[in-house]
Amino acid sequence: MSITLPNYITGTYVVGTERFTVTDNSREEVLGPKCGPRKLEVRLFYPVDKEAIVGKERMELSAERVEALQKACFVKELPEGLVRPECYVEVPQAEGKFPLVLYSHGYGSGVTEGNSLLCCELASNGYIVAAIGHAYEAAICEFDDGMVALYDKEIKIQTGGIKSFFAQMKLVWMDAEEEEVYAYFDELQKKYMGFMLGRLPEWGKDSLWVIETLKKFYGERIDFSKGIGATGHSFGGNVAYWLCQYSEAVTCGANIDGGVFGDYTGMVMTKPFLQIGCKMNRNFELKPLLDTVAPVRFELFEGVTHAGFTDLKFMYEPDSPKAKMVVGKMDGCEMHRRLADLHLEFFGEYLKNVGGM
């Protein structure tokens, strides 16, 4: 497949990675096998000195993972650069402590490596990124005991059918004051999106449990002095907003084209937030602009569709009709550079006190 990946290791460091399982014994699994405690997959991307990777192997996705991604993303093959991204296993982290950023994938077709280019970019610039695999709602999670958790096809997401479709189309084209648009969105989500509203706090709890695990086992590697950042794509970006509202540990967040679902009645946002989106989804993403006393930035990408904010952008021949329909017509390298720069500027300001947006 003749696809050119962008330069996504631009920082001082190269990138190390490790994958492990986190088990939350306080919650019973209600998806998949519907038994046992809730298990999560976590992949860390972290800064590494260049000399540490000599003779080391690059990460490689398992055959099961490649197959699950191909099916979830409706592609025949993955580019070699995404099967074996430029990060290395079994390498020590660079000297010192680094800020932590959580990343959550989108619902259904996402995986912990779904935005590997962005995660590697952050790590090369001095961040530890914990990409969380939300079991049975990701395309695939692989656990330390050899168990493989695929997306639970028995999940019934109540969409409201044709009525919901027309209501959402009305919202897409609605031209009114932001408060009025959000009021209509809020009515729509309460009427048609009950299942997703119920899953939002569960993904939030997944993230909070990962934080506690990292504090316990990786605390000496992480700089918590400015708090923790959170980002994610689609539903995962929505989780970043939830964490900023409900967790004292998470001090800033970014949402990559996720509709901002959730009941935040009477709540005021006090954390800096970066909302990134495409034109089609703008009216689903207005909540960060409202009821906030903290800095908010809203960035719209022209020529990008929803899936085009992820590594899926690099799974199609760039000029093919399918690529333009699924991921948009913006050049992939341009999209990545802008997306990465926004994250680096934002987290640089709020987790490192560097510069400003």
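The figures here come from the full heavy-atom set of this structure, side chains too, leaving out hydrogens, waters and symmetry mates. Since the model is a prediction, treat every value here as computed from it, not as a measurement.
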Could you tell me which non-hydrogen atom of [X] sits nearest to which non-hydrogen atom of [Y], and how far apart they are?
X	Y	answer
A131	F45	CB-CE1, 4.2 Å
A340	L118	CA-CD1, 3.9 Å
T17	C87	CG2-SG, 3.9 Å
F143	L40	CE2-C, 3.7 Å
A68	L150	CB-CD2, 4.4 Å
P85	S116	CB-OG, 4.5 Å

Under 4.0 Å between a Lys/Arg side-chain N and an Asp/Glu carboxylate O for [X] and [Y]?
X	Y	value
D206	R27	yes
R65	E67	no
E90	K56	no
K191	E187	no
K313	E334	no
E212	K216	no
E137	R199	yes
E220	K97	no
D319	K324	no
R38	E202	no

Is the count of non-hydrogen atoms from other residues, nucleotides or ligands lying under 6.0 Å from [X] atom [atom1] greater than 12?
X	atom1	answer
F195	CZ	yes
E178	CD	yes
M267	CE	yes
D175	CG	no

Test the [X]-[Y] pair against the cation-pi criterion, namely NZ or CZ under 6.0 angstrom from the six-membered ring centroid and within 45° of the ring axis.
X	Y	answer
R338	F301	yes
K352	Y127	yes
K287	Y182	yes

Are [X] and [Y] close enough that some pair of their side-chain heavy atoms sits under 4.5 Å apart?
X	Y	result
D186	Y184	no
V83	V66	yes
W242	V260	no
Y8	E86	yes
S124	T12	no
F273	P295	no
V304	K279	no
V354	E349	no

Practice task
Determine, stepwise, if the pair I140 / V111 fulfils side chain to side chain contact (heavy atoms under 4.5 Å, CB included).
Solution key: CA-CA 6 Å; I140 185 172; V111 293; 3.8 Å; yes
Practice task
Kindly indicate, with the supporting measurements, whether the criterion ring-ring contact (aromatic ring centres under 6.0 Å, His included) is fulfilled by W203 and Y107.
Solution key: CA-CA 11 Å; W203 281 39; Y107 203 90; 5.7 Å; yes
Exercise for the section: Answer with yes or no whether the hydrophobic clustering places V129 together with V89; edges join I, L, V, M, F, W, Y residues whose side-chain heavy atoms lie under 4.5 Å apart. Expected result: yes
Exercise for the section: Kindly work out whether a path of hydrophobic side-chain contacts (I/L/V/M/F/W/Y, heavy atoms less than 4.5 Å apart) joins F74 to M315. Expected result: no
Side-chain donor or acceptor of [X] paired with backbone N/O of [Y] under 3.5 Å:
X	Y	answer
Q189	G262	yes
D223	F98	no
D257	F309	no
R84	M59	no
D152	Y136	no
Q70	K76	yes
T305	V327	yes

Problem - ILVMFWY clustering at 4.5 Å (side-chain atoms), partners of V54 - result: none
Fill in the blank from the handout: Cluster membership besides V293, Ile/Leu/Val/Met/Phe/Trp/Tyr side chains within less than 4.5 angstrom, sorted by chain and number, is V268
Exercise for the section: List in chain and number order the residues that pass side chain to side chain contact (heavy atoms under 4.5 Å, CB included) with M269, two or more places apart in sequence or in another chain; answer none if no residue qualifies. Expected result: Y241, C244, Q245, K271, T292
For residues [X] and [Y], is any side-chain donor paired with an opposing acceptor at under 3.5 Å?
X	Y	result
N115	T310	no
T112	R19	no
E121	H343	no
T21	E41	no
E18	Y218	yes
Y13	D49	no

Using 0.5 Å steps for rounding, measure from the [atom1] atom of [X] to the [atom2] atom of [Y].
X	Y	atom1	atom2	result
S207	I228	OG	CD1	10.5 Å
I128	C119	CD1	SG	13.0 Å
F347	L122	CZ	CG	7.0 Å
L188	K163	CG	NZ	13.0 Å
S104	H134	OG	NE2	3.0 Å
E77	L82	CD	CG	11.0 Å

Exercise for the section: Under the side chain to side chain donor-acceptor pair (under 3.5 Å) rule, what do D291 and Y264 come out as? Steps first, then yes or no, please. Expected result: CA-CA 9 Å; D291 304 316; Y264 301 105; over 6 Å; no
Practice task
Test K39 against D24 for salt bridge (Lys or Arg N to Asp or Glu O under 4.0 Å), laying out the working first.
Solution key: CA-CA 6 Å; K39 293 166 65 175; D24 184 355; over 6 Å; no
Handout entry: Aromatic contact, H233 with H105 (centres under 6.0 Å)
Key = no
Exercise for the section: Could you give me the CA-CA distance, side-chain angles and deciding distance for V239 and L200, then say whether side chain to side chain contact (heavy atoms under 4.5 Å, CB included) is met? Expected result: CA-CA 7 Å; V239 173; L200 176 59; 4.0 Å; yes
